[in-house]
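All ligand and atom numbering here is 1-based and tracks the order in the structure. Values in this document were obtained by computation on a predicted structure and should not be read as measured data.
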Amino acid sequence: MAVLMDGKALAAKIKAEIKAQAGALRAKGTVPGLAVVIVGSDPASLRYVKHKKRDCAECDIESYEYALPEETGMTELLELIDRLNRDPKVHGILVQMPLPKGYDEQRVLYSISPSKDVDAFHPENVGLISIGTPRFLPCTPAGVMAMLDAYGIDPKGRECVVVGRSNIVGKPQSMLLLQRHGTVTVCHSRTNNLAEVTRRADILVCAVGKMGLITGDMVKPGAVVVDVAMNVKPDGKLTGDVVFSEVEPKASCITPVPGGVGPMTRVMLLRNTITAAGGAL
Ligand code: GUN
């Protein structure tokens, strides 16, 4: 039986620390503020934004929502970001992805001031992460690292396999594990014999978005398995990439979906906002 890594409980604990930091900043006259920009009406994005606003309220961080209609256009969106970049009340800016068709996501993300880029998507921040001097940590990979730390799992010298090479998770995750002295392999859709590679992992992080991808035979006995994915099953419930019923009996530690990495990702956004506002965490 594996230890279940309870992201929900850990996130609640970290939230209490963040709220205390927000209070300390307020006492010094700084109200930490996060601007959340959403364009269009994608239901999943609307849900994420609602959660982010609620998280901010729970931690005494001010949130400023900008819900723009789909037909807004690049010019107006870039003008808004420019205003937010110059607004001293706004310490962090998050533009919810994906943007509707016709928007240049890269141009939008690059227009956010690196010092307010709490997603850590700007090339300057990606570069700082890759040379080991991050300004902000990318939310999901940072959430994974915080969870490993909380459960006493040290990547140092261990075989770490990351499945997925996205800019949001896979690539920055590999950087953070490398920084902590893991021996890191990144797998992707073109990897030959995925199972052979994943079976080497002491720490396996799955971030693909493909239900049923990681089966029991792909996991080494005693491995730590972190499932970042959130796939929606036909019944509407969430599931990860890992076949939990097969992998859990073999793993030493495993994250549930939901209740694993998801809550940790959300809390790391709050942490970055506090960092952006000048708080110490
Ligand atoms: N859409 C899905 N995940 C994310 C995220 O972490 N940041 C932003 N900006 N959009 C997202």
Side-chain angles (χ1 to χ4, degrees), residues 7 11 33-56 61 63-68 70 72 74 77-78 80-81 84-85 90-101 103-126 129 134-147 162 164-173 175-176 205-210 226-232 238 240-241 257-258 260-273 275-276:
L34 174 68
V36 181
V37 180
I38 177 166
V39 186
S41 53
D42 174 64
S45 292
L46 289 169
R47 201 169 53 244
Y48 289 143
V49 166
K50 196 173 89 184
H51 288 157
K52 282 165 187 163
K53 278 169 58 189
R54 194 168 63 202
D55 291 340
C56 283
I61 293 171
S63 65
Y64 308 99
E65 185 184 350
Y66 296 86
L68 309 178
E70 187 163 340
T72 299
M74 279 293 287
L77 178 57
L78 292 174
L80 170 64
I81 294 170
L84 296 173
N85 282 340
V90 172
H91 303 100
I93 302 170
L94 178 140
V95 179
Q96 186 65 34
M97 296 289 142
L99 288 169
K101 258 217 245 1
Y103 287 84
D104 181 344
E105 288 187 348
Q106 198 174 59
R107 198 164 158 221
V108 170
L109 291 176
Y110 291 12
S111 74
I112 296 171
S113 165
S115 63
K116 297 191 177 187
D117 170 37
V118 284
D119 267 322
F121 290 166
H122 191 283
E124 182 177 313
N125 288 322
V126 175
I129 293 160
R135 174 191 277 132
F136 299 116
L137 292 174
C139 297
T140 298
V144 170
M145 299 311 288
M147 195 139 62
V162 179
R165 57 172 159 180
S166 69
N167 289 332
I168 295 183
V169 185
K171 279 187 217 164
Q173 186 71 70
M175 290 295 170
L176 298 194
V205 181
C206 312
V208 173
K210 198 168 165 191
V226 178
D227 194 347
V228 173
M230 280 204 277
N231 307 301
V232 183
L238 288 180
D241 288 343
V257 178
V261 177
M264 295 299 292
T265 296
R266 281 164 55 188
V267 102
M268 291 300 147
L269 175 69
L270 304 175
R271 191 164 84 167
N272 282 345
T273 305
T275 304

One pair per line, please: each N/O atom of ligand 1 matched with every protein N/O atom under 3.5 Å away, atom names first, then the distance to 0.1 Å.
residue	atom	partner	partner atom	Å
ligand 1	1 (N)	Gln96	NE2	3.1
ligand 1	1 (N)	Met97	O	2.8
ligand 1	7 (N)	Asp119	OD1	3.1
ligand 1	7 (N)	Asp119	OD2	3.4
ligand 1	9 (N)	Val95	O	2.8
ligand 1	9 (N)	Asp119	OD2	2.7
ligand 1	10 (N)	Met97	N	3.0

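In this structure, the side chains of Pro172 and Val126 stay at 4.5 Å or more apart for every pair of heavy atoms.
No donor-acceptor pair closer than 3.5 Å links the side chain of Asp117 to the backbone N or O of Ile112. Side-chain N or O atoms of Lys116 include one that pairs as donor or acceptor with a backbone N or O of Val90 at under 3.5 Å.
In terms of the salt bridge (Lys or Arg N to Asp or Glu O under 4.0 Å) criterion, Asp42 has no residue partners (sequence neighbours excluded). For Ser166, the side-chain contact (heavy atoms from CB on, under 4.5 Å) partners two or more places apart in sequence, or in a different chain, are Ile168, Val169. In this structure Arg165 satisfies the salt bridge (Lys or Arg N to Asp or Glu O under 4.0 Å) test with no other residue, sequence neighbours excluded.
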